[in-house]
Chemist: 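Starting off with a structure, shown below.
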Amino acid sequence: MDFEIMDFLSEDDKIQILELYQNQKLAINHHPNWEIEKKPNVLNKYALLKDNNIIVFYSRILESHFSKLPFIKTATINFPFYQNKEVGVKGLLEISNHYKAKKYTKIDIQLYYCNSNENYFIEQSILKKYTNYILQNNISSLEINLHKTIDSIQFNFKNVLKKNIKSSINKGVYAKQLFSNSEYENLERIYSKMYANKNISINKMLNFNKLVEFIKTTNLGYIIGVFSAENILIGGVVIITHNNRAEYLVGATHPEFKKLPSSHIAILEAIKIAKNLNCSIFDMGGYVFDISEKQEYKSINDFKYNFTQDIIFYPKKIEIQLNRIFYCIYKTIIKITTYARS
């Protein structure tokens, strides 16, 4: 088998990867055109393992560099594709060995949740090779079974959510799918205003324009707008569709209308459209399990939990120490930064 880490994918590689994607074998972040989350000091790399020129392992890798301490370098793998568990182990070990040789501080590996036995085999095989590791808490999400009727889905909504949706309707607020460029541009401005109002760095935002372009060119998603009784766009949500699933990716509400429960009615409309597209699952786009009352994610958690209480867990993230000295420095910096922000 031939292994390679590269800066760009060839057109032939993209064709193979798109076929894998269309066969529902890849996560959304591995689509060749997914360039939504580029951030400063983070580089995209692509790892391929081929058998007779056929891709049997594929993963996008995020390389992060600390600008003030250039010797602190980390790599992250999220949801790699592999033909079988043995190939998965080989591909992940090839990547880990590559970054160890390049004197990286650590590498994080997050497997997909689809096969627990397979994931356990891969996890244990990697940890036999790399014994200095930490298993991080599971990431999780909330799911709605779209095989149920809309009435049944809404019946399971929390009472506070039902009340908010009813309040929106009584105030003339409504939601519909957006199609025009002018509507996309208006929602992008609302998204930017919302983040500016919260004093959140632009580096933490998704690239909204690229996200819209991805949906338009691939047809792997849709955008819902929320309008006031005066037909003014006041917010909306972006939904990605992949692997027979619809996933809530990001939402926005105009700061001047933040007291209106616009996102509630937007998600309800998104669920209805997902059902019409014959999706099986509506994923609420992440859930921070077991958090304290003071953490910033609590309000987002509560919002999502009002729609469904069906929690799914991903495998624990594997954090492998590749350079012990650099890793100790890295953890110290994280502790100091966390303390300074508290």
Side-chain angles (χ1 to χ4, degrees), residues 8-9 14 17-18 21-22 24 26-46 59-62 64 76 78-79 110 139 141-142 175-198 200-227 233-255 262-263 265-271 273-274 277 279 281-287 297 300 303-304:
F8 303 98
L9 293 169
K14 286 183 179 181
I17 291 166
L18 280 173
Y21 193 91
Q22 289 162 0
Q24 302 185 359
L26 292 182
I28 188 69
N29 62 303
H30 285 319
H31 193 288
N33 297 333
W34 184 257
E35 301 290 346
I36 313 303
E37 300 171 283
K38 282 193 172 181
K39 296 179 180 179
N41 302 319
V42 177
L43 297 176
N44 275 307
K45 300 288 184 177
Y46 304 91
S59 183
R60 184 178 298 216
I61 304 167
L62 301 179
S64 300
T76 302
N78 284 320
F79 311 140
Q110 178 64 63
I139 60 172
S141 192
L142 295 163
K176 68 174 185 177
Q177 187 172 352
L178 304 182
F179 294 99
S180 71
N181 288 332
S182 61
E183 289 174 326
Y184 296 149
E185 289 168 3
N186 285 340
L187 187 57
E188 192 277 332
R189 284 192 284 270
I190 291 171
Y191 179 70
S192 298
K193 283 181 180 178
M194 181 185 75
Y195 270 79
N197 191 61
K198 294 180 179 180
I200 297 175
S201 168
I202 193 170
N203 294 335
K204 294 184 178 181
M205 297 167 58
L206 293 174
N207 188 317
F208 197 90
N209 290 332
K210 286 190 175 182
L211 177 56
V212 170
E213 190 61 29
F214 175 83
I215 291 174
K216 287 167 60 178
T217 56
T218 64
N219 201 31
L220 292 172
Y222 52 94
I223 300 174
I224 304 295
V226 181
F227 295 81
L233 183 67
I234 61 174
V237 296
V238 180
I239 308 298
I240 292 294
T241 54
H242 63 106
N243 293 3
N244 209 29
R245 304 166 65 87
E247 181 177 344
Y248 168 46
L249 187 64
V250 66
T253 301
H254 196 292
S262 59
S263 296
I265 200 166
I267 294 292
L268 176 57
E269 183 65 20
I271 291 169
I273 291 176
L277 292 172
C279 292
I281 295 293
F282 190 92
D283 190 319
M284 291 301 297
Y287 182 77
Y297 291 109
I300 300 173
F303 168 74
K304 294 178 179 180

Chemist: Ring-plane angle category for F214 and W34, please: parallel below 30°, perpendicular beyond 60°, tilted otherwise.
Modeler: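 Perpendicular: the ring planes of F214 and W34 meet at over 60°.
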Chemist: Give, for atom CD1 of I17 and atom CG of L9, the distance between the pair rounded to the nearest 0.5 Å.
Modeler: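 Those atoms lie 4.5 Å apart.
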Chemist: Using side-chain contact (heavy atoms from CB on, under 4.5 Å) as the criterion, point out the one residue from L178, L268, I267, I273 that pairs with I224.
Modeler: I273
Chemist: What's the shortest heavy-atom distance between G285 and S141, and which atoms?
Modeler: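 Heavy atoms only, the tightest pair is N-OG, 3.6 Å.
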Chemist: Any idea which heavy atoms bring A274 and F282 closest together, and the distance?
Modeler: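 Nearest heavy atoms, A274 then F282: CB-CD1, 4.0 Å.
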Chemist: Which distance, rounded to the nearest 0.5 Å, do you find between the CG of L233 and the OH of Y184?
Modeler: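 Nearest 0.5 Å value for the CG-OH distance: 12.0 Å.
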Chemist: Would you check if N33 and E213 make a side-chain contact, meaning some heavy-atom pair closer than 4.5 Å?
Modeler: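 No. Closest side-chain heavy atoms not under 4.5 Å.
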Chemist: Kindly compute the distance separating CD1 (I234) from NE2 (H254), expressed to the nearest 0.5 Å.
Modeler: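 The NE2 atom of H254 is 10.0 Å from CD1 of I234, to the nearest 0.5 Å.
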Chemist: For H30 and N78, indicate whether the former's side chain and the latter's backbone hold a donor-acceptor pair under 3.5 Å.
Modeler: yes
Chemist: Using only atom types and a distance under 3.5 Å, with no angle test, would you say the side chain of K304 pairs donor to acceptor with the backbone of G286?
Modeler: yes
Chemist: Please report the interatomic distance OG1(T253) to CG(N197), rounded to the nearest 0.5 Å.
Modeler: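 One gets 11.5 Å once the value is rounded to the nearest 0.5 Å.
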Chemist: Can you give me every donor-acceptor pair (side chain of residues 237-246, partner residue at least two apart or in another chain, under 3.5 Å) with its distance?
Modeler:
from	atom 1	to	atom 2	distance (Å)
T241	OG1	G221	N	3.0
H242	NE2	E247	OE1	3.2
N243	ND2	L26	O	3.1
N244	ND2	S280	OG	2.6
R245	NH1	Y113	OH	2.5
R245	NH1	E143	OE2	3.2
R245	NH2	Y113	OH	3.2
R245	NH2	E143	OE2	2.6
R245	NH2	D283	OD2	2.9

Chemist: Restricting to non-hydrogen atoms, name the atom on A252 and the atom on M194 that form the minimum distance, rounded to 0.1 Å.
Modeler: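 Minimum heavy-atom separation between A252 and M194: CA-SD, 3.7 Å.
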Chemist: For the atom pair CG (N209) and CD (E188), what is the distance rounded to the nearest 0.5 Å?
Modeler: 4.5 Å
Chemist: Mind checking whether V250 and L211 have side chains closer than 4.5 Å, heavy atoms only?
Modeler: yes
Chemist: Passes side chain to side chain contact (heavy atoms under 4.5 Å, CB included), E269 versus V226? Steps please.
Modeler: CA-CA 10 Å; E269 183 65 20; V226 181; over 6 Å; no
Chemist: Tell me whether K193 at atom NZ has more than 12 heavy atoms from other residues, nucleotides or ligands lying less than 6.0 Å away.
Modeler: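 Check fails, neighbour count at 12 or below.
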Chemist: Taking side chain as C-beta onward, heavy atoms only, is L18 less than 4.5 Å from H31?
Modeler: yes
Chemist: To the nearest 0.5 Å, what is the distance between CG (N186) and OG (S180)?
Modeler: 8.0 Å
Chemist: Looking at Y222 and A270, would you say the former's side chain and the latter's main chain have a donor-acceptor pair under 3.5 Å?
Modeler: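 Judged by distance alone, yes, a pair lies under 3.5 Å.
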